[in-house]
There are 2 protein chains.
Amino acid sequence: MSTKSSPRASQRSRTASPNRRERATDHRAAGAAAAPTFKPIHTRRTFEEICERIREQLALGVLKPGDKLPAERELAQQLGVSRNVLREALRSLEMAGVLRLQKGVKGGAFIQQGDTRRMNEVMRDMLSLGTISVRELSEARVHVLDLVVQLACANARRADLDALEANIERTELATKEGRLLDRVECSREFYKLLAASTGNKVIAMIVDSVTEIHMRFVYAKVASSGVAMARLAEKRRQFLAALSERNVELASRLLRSHLESVQRMLEQDPGAMSLHVALADVQPGMRR
Amino acid sequence: MSTKSSPRASQRSRTASPNRRERATDHRAAGAAAAPTFKPIHTRRTFEEICERIREQLALGVLKPGDKLPAERELAQQLGVSRNVLREALRSLEMAGVLRLQKGVKGGAFIQQGDTRRMNEVMRDMLSLGTISVRELSEARVHVLDLVVQLACANARRADLDALEANIERTELATKEGRLLDRVECSREFYKLLAASTGNKVIAMIVDSVTEIHMRFVYAKVASSGVAMARLAEKRRQFLAALSERNVELASRLLRSHLESVQRMLEQDPGAMSLHVALADVQPGMRR
DNA sequence: AATTATTAAATGGATCACCCATTCAATGGA
DNA sequence: TCCATTGAATGGGTGATCCATTTAATAATT
């Protein structure tokens with residue numbers, strides 16, 4: 001308690017309340033024309049207001065990635081709210097991938113480059129909450145991947161194909177050394193690279209989100225049963241060859257058939273495949 | 001400074017730190033081989049831990065939609081954290097659509113049915129942040145809708161087709177009465193219904209998210225220029241007829257051609273079409 | 001007895017005033 | 001010149017306190 005002398009602007013001067021919405025206590029002179037009984041859905045809370053305010057600045061282009069917001073204490077004062085409630089808003093925006101908070105002097109709240117992994121979390125929550133089913137997810141994945149193959153055949157660049165080639169080599173190595181779980185990780189990466197080769201980040205984001213979940217299941221299956229897809233690298237090479245030749249038909253057929261065999265693998269001994277096992281916590285190697 | 005007498009329980013009792021993770025400083029015996037210089041990405045904060053803990057319960061099925069979490073004061077005590085930081089976590093989960101907080105006795109934090117609109121927000125943020133471009137979004141939308149037509153032809157039920165029919169009637173009415181912006185709202189609904197008719201909520205969610213953004217542009221365009229797509233309802237009827245006959249080729253062709261003409265409409269006088277105008281705030285009629 | 005006010009308790013919403021740990025630039029000594 | 005020290009700024013976190021809303025129990029009224 002050394003700084004008892006803190007020159008804290010101690011007045012506070014009762015400026016705290018004025019910014020509160022004045023409750024509009026429904027003194028509706030209600031008489032006259034029967035104002036039909038509709039109330040606003042629910043009173044807007046300050047943190048929502050703050051989030052929206054910041055998102056607005058973002059949409060307007062006033063705030064751009066890399067920019068820094070004022071320090072918490074200062075921003076709170078500017079907005080006329082307490083630091084705690086401001087932090088609730090910042091937290092939400094941070095979880096949304098919009099901000100990154102950094103400690104220390106020269107720290108602060110920085111606008112982020114968008115984090116595409118956020119969609120993964122949406123999918124995961126929807127699955128956890130039972131809003132979507134594993135079946136729907138798998139089905140969507142098959143269809144979207146089919147689309148990806150088309151686009152990749154049309155748009156994949158040399159660098160994309162090289163990256164896929166390198167990935168296959170890692171897969172071969174992992175297979176040779178018996179590192180099954182690493183191989184699953186390679187698969188995850190394979191689809192990520194494939195998605196990226198479409199040249200469309202929206203598509204890529206979508207594919208990544210459904211693939212991330214799918215791979216959790218594969219991971220859980222492999223980890224628990226020790227089974228592994230046979231001739232994986234070989235199949236990948238065939239697929240990549242078709243892709244390189246821009247042979248949509250063949251590439252599409254190969255991938256679809258592979259997906260089906262993976263699906264069969266997952267579905268044998270279905271009792272072991274629990275949604276909870278696959279979703280619960282972050283597996284090693286799946287870390288962000 | 002009236003309350004100088006505050007009997008603040010100043011002991012603080014040093015119970016604050018024990019719940020912190022002890023950094024897990026990667027003492028992994030790392031197989032002797034030169035542990036390369038990697039540090040944990042950043043220290044885990046309590047609110048993240050809390051969020052994860054709750055999500056874990058969700059994934060495990062311990063918590064289900066409709067369930068209520070303990071009251072803030074109690075839960076904070078159970079977790080050994082302050083109420084403030086617990087609230088940061090709850091806020092984040094609320095924004096994520098996982099929880100809903102309700103005031104009053106008998107209030108509390110209730111697990112929600114998943115809110116599929118959350119993906120819209122992700123897309124919006126990605127666009128605001130410049131992570132994805134409007135072009136990518138439009139392109140993805142065209143491709144995904146093509147897929148939707150295939151699936152809808154295969155899976156649409158009578159009820160789905162009826163809903164689309166009803167939507168077209170509303171569109172006709174809006175056209176007749178010159179309510180152009182309402183007609184845009186009808187369009188948004190049309191695609192929502194179309195997406196739903198695939199029978200796959202994952203696909204539907206994806207389509208909704210890209211369509212929601214797209215419709216903001218259309219809305220802004222119509223609102224500012226007063227132009228309107230000609231023969232809209234007529235085209236919709238043709239499309240619906242093809243869909244009803246499960247004629248994928250025709251339906252696909254009709255939709256694609258329509259999308260192209262909309263695109264042309266949006267692109268004329270491009271100067272007026274600002275990303276910011278379209279994204280900033282919620283337009284009337286687009287309210288959730 | 002039925003209905004209507006009133007009250008009280010529980011709960012989320014918000015604020016204040018702190019303290020701590022981290023970070024980094026400025027400072028100062030070797 | 002280089003390295004250690006210091007100190008201020010900043011996010012992370014705490015605990016006490018008050019407010020507003022909601023609901024059930026209770027009392028008052030008809």
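Proteins come first, then strands; the chains are lettered A, B, ... in the order of their sequence lines, and each starts at number 1.
In the interface, the side chain of R45(B) is not paired with the base of dG13(D) through any donor and acceptor atom under 3.5 Å apart. Remark: the R87(A) side chain and the dG11(D) base include no donor-acceptor N/O pair separated by less than 3.5 Å. Applying the 3.5 Å distance criterion, the base of dG15(D) shares no donor-acceptor pair with the side chain of R73(B).
If you take CG of L79(B) and C1' of dT14(D), they are 15 Å apart, rounded to a whole angstrom. Nucleotide dA9(D) holds its P atom 12 Å from the CD atom of E74(A), rounded to whole Å. When rounded to the nearest whole Å, the span between CG of L90(A) and P of dG11(D) equals 8 Å. Residue R100(A) contributes atom CZ, which lies 14 Å from atom C1' of dT22(C) at whole-angstrom precision. In this structure, E88(B) places its CD atom 14 Å from P of dG13(C), rounding to the nearest Å. Between the CG atom of L86(A) and the C1' atom of dG11(D) there is a distance of 11 Å, rounded to whole Å. Taking atom CD of residue Q77(B) and atom P of nucleotide dT11(C), one finds them 13 Å apart after rounding to whole Å. Taking atom CG of residue L99(B) and atom P of nucleotide dG12(C), one finds them 11 Å apart after rounding to whole Å.
K68(B) NZ: more than 12 foreign heavy atoms inside a 6.0 Å radius.
Nearest nucleotide to the side chain of K103(B), out of dA20(D), dT15(C), dA14(C): dA20(D). When each of dT15(C), dG11(D), dG13(D) is scored by its nearest atom to the side-chain atoms of N84(B), the top-ranked nucleotide is dT15(C). Which of dG11(D), dC18(D), dA14(C) sits closest to the side chain of E72(A) comes down to dG11(D). Taking the side chain of R83(B) as heavy atoms from C-beta on, and the options dG12(D), dT14(D), dT17(D), the nearest nucleotide is dT17(D).
Taken from CD in E94(B) to CD in E48(A), the straight-line distance is 6.5 Å, to the nearest 0.5 Å. One finds the CG atom of L75(A) at 5.0 Å from the CG atom of L86(A) (value rounded to the nearest 0.5 Å).
The phosphate of dA14(C) (OP1 or OP2) has a side-chain N or O of T46(A) nearer than 4.0 angstrom.
Residue Q102(B) is in sugar-phosphate contact alone, with no base atom involved, counting any heavy-atom pair closer than 4.0 Å across all strands shown. Within the 4.0 angstrom heavy-atom criterion, only backbone atoms of the sugar-phosphate kind lie near R91(A); the bases stay farther away.
Residue F47(A) is the one, among F47(A) and G107(A), whose nearest nucleotide of DNA chain C lies closer to the 5' end (criterion: closest heavy atom).
With sequence neighbours excluded, the residues forming a side chain to side chain donor-acceptor pair (under 3.5 Å) with R55(B) are E121(A), D125(A), listed by chain and number. Shown here are the side chain to side chain donor-acceptor pair (under 3.5 Å) partners of R170(B), two or more places apart in sequence or in another chain: E189(B). Not counting sequence neighbours, Q77(B) has no partner by the side chain to side chain donor-acceptor pair (under 3.5 Å) test. Every residue meeting the side chain to side chain donor-acceptor pair (under 3.5 Å) condition with D182(A), not counting sequence neighbours, appears here in chain and number order: R179(A).
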Side-chain donor-acceptor contacts of residues 199-209 of chain B below 3.5 Å, not counting sequence neighbours, with atom names and distances?
| residue | atom | partner | partner atom | Å |
| --- | --- | --- | --- | --- |
| N200(B) | OD1 | V202(B) | N | 2.8 |
| N200(B) | OD1 | I203(B) | N | 3.1 |
| N200(B) | ND2 | E136(A) | O | 3.0 |
| N200(B) | ND2 | E139(A) | OE2 | 3.2 |
| D208(B) | OD2 | K192(B) | NZ | 3.1 |
| S209(B) | OG | M205(B) | O | 3.4 |
| S209(B) | OG | I206(B) | O | 2.7 |

Provide a list of protein-nucleic acid N or O atom pairs under 3.5 angstrom, restricted to nucleotides 4-10 of chain C.
| residue | atom | partner | partner atom | Å |
| --- | --- | --- | --- | --- |
| dA10(C) | N3 | V105(B) | N | 3.3 |

